[in-house]
Structures are given as C-alpha cells and as structure tokens.
Amino acid sequence: MKPYDLIVIGGGPAGLAAAISAREAGVKEILILERDNEPGGILNQCIHNGFGLHTFGEELTGPEYAIRFIEQAKALQIPCKLNTMVLDLQDDGSGVKQVTAMNRQDGLLELTARCIILAMGCRERPRGALNIPGFRPAGVYTAGTAQRLVNMEGRMPGKEIVILGSGDIGLIMARRLTLEGAKVKAVAELMPYSGGLARNIVQCLEDYQIPLLLSHTVTDLHGKDRVTGVTLSQVDANSRPIPGTEQEISCDTLLLSCGLLPENELSDKLGVSLSPVTGGPEVNESLETNVPGVFACGNVLHVHDLVDYVSEEAARAGLHAAQYLKEKKRDSRDFSLPICPKDGIRYTVPQTVRPDCMDDTLLVRFRVGAVYSDCRIFVSLGDTCIQTLYKKKIAPGEMQQLTLKKADLAAASPSDSIIIRLEENVHGNA
Amino acid sequence: METRNLICINCPLGCSLTVVTDDAGNVTVSGNTCQKGADYGRKEVTNPTRIVTSTVRVHHGRLPVVSVKTSSDIPKGKIRAVMDAIRSLSVSAPVAVGDILLPDAAGTGANVIATKNVEKLASEIQGSYDT
C-alpha cells in the first residue's frame, strides 16, 4: 500500500490544527488517528468558557472551540479514523514510518507514512505517583476523570469534596461541582503558590468562597470502602509536612489535580529522544524531533495553559511537516544551536535552533521554576546579549514566550549556544 | 474615594487592575492591557457579571448530557437562580450548537444555549447497538 504523506497521531486540538495547516500547505494524503469516539480531544469535556480569545477574538467553550476545527478539517476532507488506538510506531531508517493501530471496523491496521505528527496530548498524574498513604477506598479521582464524569456522562463523583493540587482542572472542577450542588471544602496546594491561572483562582474559588490552602498537602486518607475524610498538613519550605499542623476534613471524595504528563510511550518506541524536564520530545525550530520527519505539537510536546497556543504551535508543526515533505529547508550548513535555560528558566521549546532553517523570527516558549517579581530575562548568543525582556511578575503556571530573530543569530558558529536566563529584583529597592 | 485591586478574568493573561472610584462616582481603571480589561474593571465594581456554563440532561442522545452556556454574562448574584433553572431542564436529542434550550434564564435576559452537537442515539435509529 502506498504510504500516506502524513499520519497525525491524535485528533484533539493539536492534531486537528496540524492536519489543517498541512493540508492548506498542500499535503495530499493525510490521515488522523483518534482513539476516542469523536474528534476534539480534551476540549469535549472542558465545557467552561475562555477558549479562543487569541485565535478567534471571542470567548468560546471547549466544545465550541473544537467544533470550529472539526468543521475545518471536514471541509478540507481530511480523513479521521475514530475509535482507533495506535499501538506502535517504528522507523527503520528508510524514511517511511510504520504505524500499527487497531479498531473494531478494520481490525489490525498496518499503515505507513512519510511523515508523522505526534499529537497525543497528556494525562494526569495519578494517585499512585503521589505517595498518599491510606487504604484504597472508592472516591479518589483525578480532576479530569471527574470532569468527564460530570460534563459528558452526567454523573457526580461525590457530595463533599477536597481537592489536592491547584492546577487549572482542579480549580475548574471546584466551581463545577459547587454549581452542581456539591460542597467543595478546600483546595490544598503543596507549593506556596497556585499552579493554576490567576483568572481561575478568581472565578472558580473566590467567587464561591472556596478556601485555597497553600503549602498544604494530604498526609492521610481515611476510609476503607469509601473515602470518609483526609488529613491535611502544612508543609515547610522543603515540602515536608510540619508535625502538629494536621487537620482532619471529612469528605467522600478526593480529587487530584497534581500535574499533567505528556503521553509519550509511542514516541519512545519510535526512538524519539525526550526531555527529562518537559517529558515531551526534544525538538528543533521546526518542531521536528531527532527522528527526521517526525514532528510534535500540543501537550505531548509540553503541557500548555492555553489551547490557543496549542493551535498556533500545531499549525506550525503542520507547516514544517509540509515543508519536510517538499524537502525544502535543507541546508548544507544547517548546524544546530542548543537553547540552554539557566537561572530560573526551567525549560524552553524548542530546545535547539538551526539558524539556517529558521524563518526570520522564531517563537520560543518557556516556563520559569518559581514565582519571580521585577525580573529581566536575558537572551545571549555565547557572551553577547541579543535580547532582554522585562516582567513585573512571572510564575510557573503561566507559560512565557519570546521571539528570536534570525538576524541576531547571523554571527553564530556551530560551537555557540543560546542562553536564556532570568535575574530577579533588577530595580533593587528602587 | 475607593480603590480595588482586581485580577482581570477576560483572558488567561490575568492582568492586575487597579480600579479607583472617586467621590463623584467616576471609575478609572489602570493596569489593563486591552479595552476588555477596562470594561471588566469598571463592571466588576459596579455590576459584576459571569457567563455560566453547565450541562443539561438529554433524552435519547449519543451522550446523556449536552454542554450549555448563557448567551451573555449574567449578574453574579443570579448564578444560583440560573443554575437551578438549568438543572430542572431536560431536552430531547438531537441538539445542535447554538440551539436555545431555555430563553431568558431566571429573568436575566440571557438564553441558555447548547455548546455541543448531541445526535440522536444511533441504536434508536437503526435498532441495533452493534454498528
């Protein structure tokens, strides 16, 4: 069978936007593989509003945002196989990749593609990864599972709820469950700051007088068959529980909103090298992984706060895939510069830049490791500062971005690196 | 004169707004980065509003619920009343995005509209679960 030009793994916001932009750039044989029974991914359970302000200039709910892309993909006649689970990805070095998938109609599918876009998204950190003591009673859910139960299956996970972790899904579920008549007793956050967006603290907790307990964690889980309560303790600067600060809160449900992990088992099988910091593939300026012709975008690459940024990033991945298929952008001198995050900068995406392959400008997204105020971000090529950026306040929960200019990298030699670092209190006591 | 520090909720940038109401009742907003921020700051101290999103029961649908929103923002104090109205509502599939499921929810003037397509359950059309 003739190989597809492009197979997109995942039909969520990233996969849809990538496929659409690849098609618009002239890629003919495209196939999207999606494991759920409808495209749209996580947007289908994110029924709250706040999506699309950057992309469409209006505020949409998750399902509405998804439909816009689904309709576009349909109009461009991009086929999407639903209920289809991709089991394996292989690259034998010939330039054609093997995709093994299965579904109920086709049985086992062995497909080939010249190019692959990874868009599998992420999943939630489960209880097993959190070292919460106690029995294994019913009533412990990840926030996203509860979101799916309430918003798509019409079921309530419980009546009295404690939420561990102040990630956005946890905050949004605090409001959602309150509106549906549950009592959300507290949101406990291990860190001294929230991992969620400021707007969600205001709209989801403060509007409903739900207490946010910073520097707190669950140190015991009560109940054998069903959760009957949790013990919360304050933690010190090293996140260790402080003895004597325990408080017991009765509840029948504990929701976990403790971080998202890019889902990269398939990337790993393909030989894609993953960043230990983001958990996603390491990519160059074209969002291409170390395996030529394999691109990544969306939450499988690094966890985003905003779907608008996912769509934008995915569209670039689609465009770069199209360029790869046309075999443009190859250059004899295409050495690669690493982008090195330092002093407060936790990671960047992309991780490397080939100056000769980049467009005139390149969007670099990054996160910081803690909350900083009055800080300046310095971008340097070797010892030469090429850009600075001032931020009044910067937090790990809000992804940042800067634009690298090709002209600034003209003097780069293959031994150089781009360093991005942060200095706090640049105005001192002034 | 009254000063309130707010976080703008219009978009995830979450700008820090300073809203000053002087003795004559004039409201000035600073710290915003767009017009929406200025509007929000002014509204939040005079008449705070929210868009409410929830779900409505669906009979014979592909899903048991359909996601909904209020067609415009409603007064914050009316959220409970609107939720009560939404929770007592049920509709029959099919439902399409934009369908008005409840006009003038709780006297707010806002309609409750569907934000998702929920098609009729295939088994009821074809008489079989095995498709």
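Quick note on labels: first sequence line is chain A, next is B, and so on, each numbered from 1.
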Among A:Asp168, A:Asp308, A:Asn151, who wins on heavy-atom pairs under 4.5 Å with chain B? A:Asn151

Atom group of B:Asn117 that falls short of 4.5 Å from chain A, counting heavy atoms: both

Looking at B:Val97, B:Ile51, B:Leu63, which one has more heavy-atom pairs under 4.5 Å with chain A than the rest? B:Ile51

When the 4.5 angstrom heavy-atom criterion is applied to A:Glu206 and chain B, the contacting part is neither

Just give me the residue among A:Glu59, A:Met152, A:Glu153 that pairs up with chain B most often, heavy atom to heavy atom, under 4.5 Å. A:Met152

Least distance between heavy atoms, A:His54 atom then A:Leu306 atom: NE2-CD1, 4.0 Å

At a 4.5 Å cut-off on heavy atoms, which part of B:Lys116 comes close to chain A: side chain, backbone, both, or neither? both

I need the residue from A:Arg155, A:Gln203, A:His48 with the largest number of non-hydrogen atom pairs under 4.5 Å to chain B. A:Gln203

Any salt bridge between A:Arg376 and A:Glu424, counting N to O under 4.0 Å? no

So, A:Arg176 and B:Ser54: side-chain donor and acceptor under 3.5 Å apart, yes or no? yes

Between A:Arg175 and A:Tyr208, do the side chains contain a donor N or O and an acceptor N or O under 3.5 Å apart? no

Need one label for B:Ile86: side chain, backbone, both or neither, based on atoms under 4.5 Å from any heavy atom in chain A. neither

Can you tell which part of A:Ile67 gets under 4.5 Å to a heavy atom of chain B, answering side chain, backbone, both or neither? side chain

Salt bridge or not between A:Glu34 and A:Lys81? Use side-chain N to carboxylate O under 4.0 Å. no

Before accepting this row, confirm whether a basic side-chain N of the pair B:Arg62/B:Glu119 lies closer than 4.0 Å to the acidic partner's carboxylate O. yes

Can you find a side-chain donor-acceptor pair between B:Ser67 and B:Thr115 that sits under 3.5 Å? yes

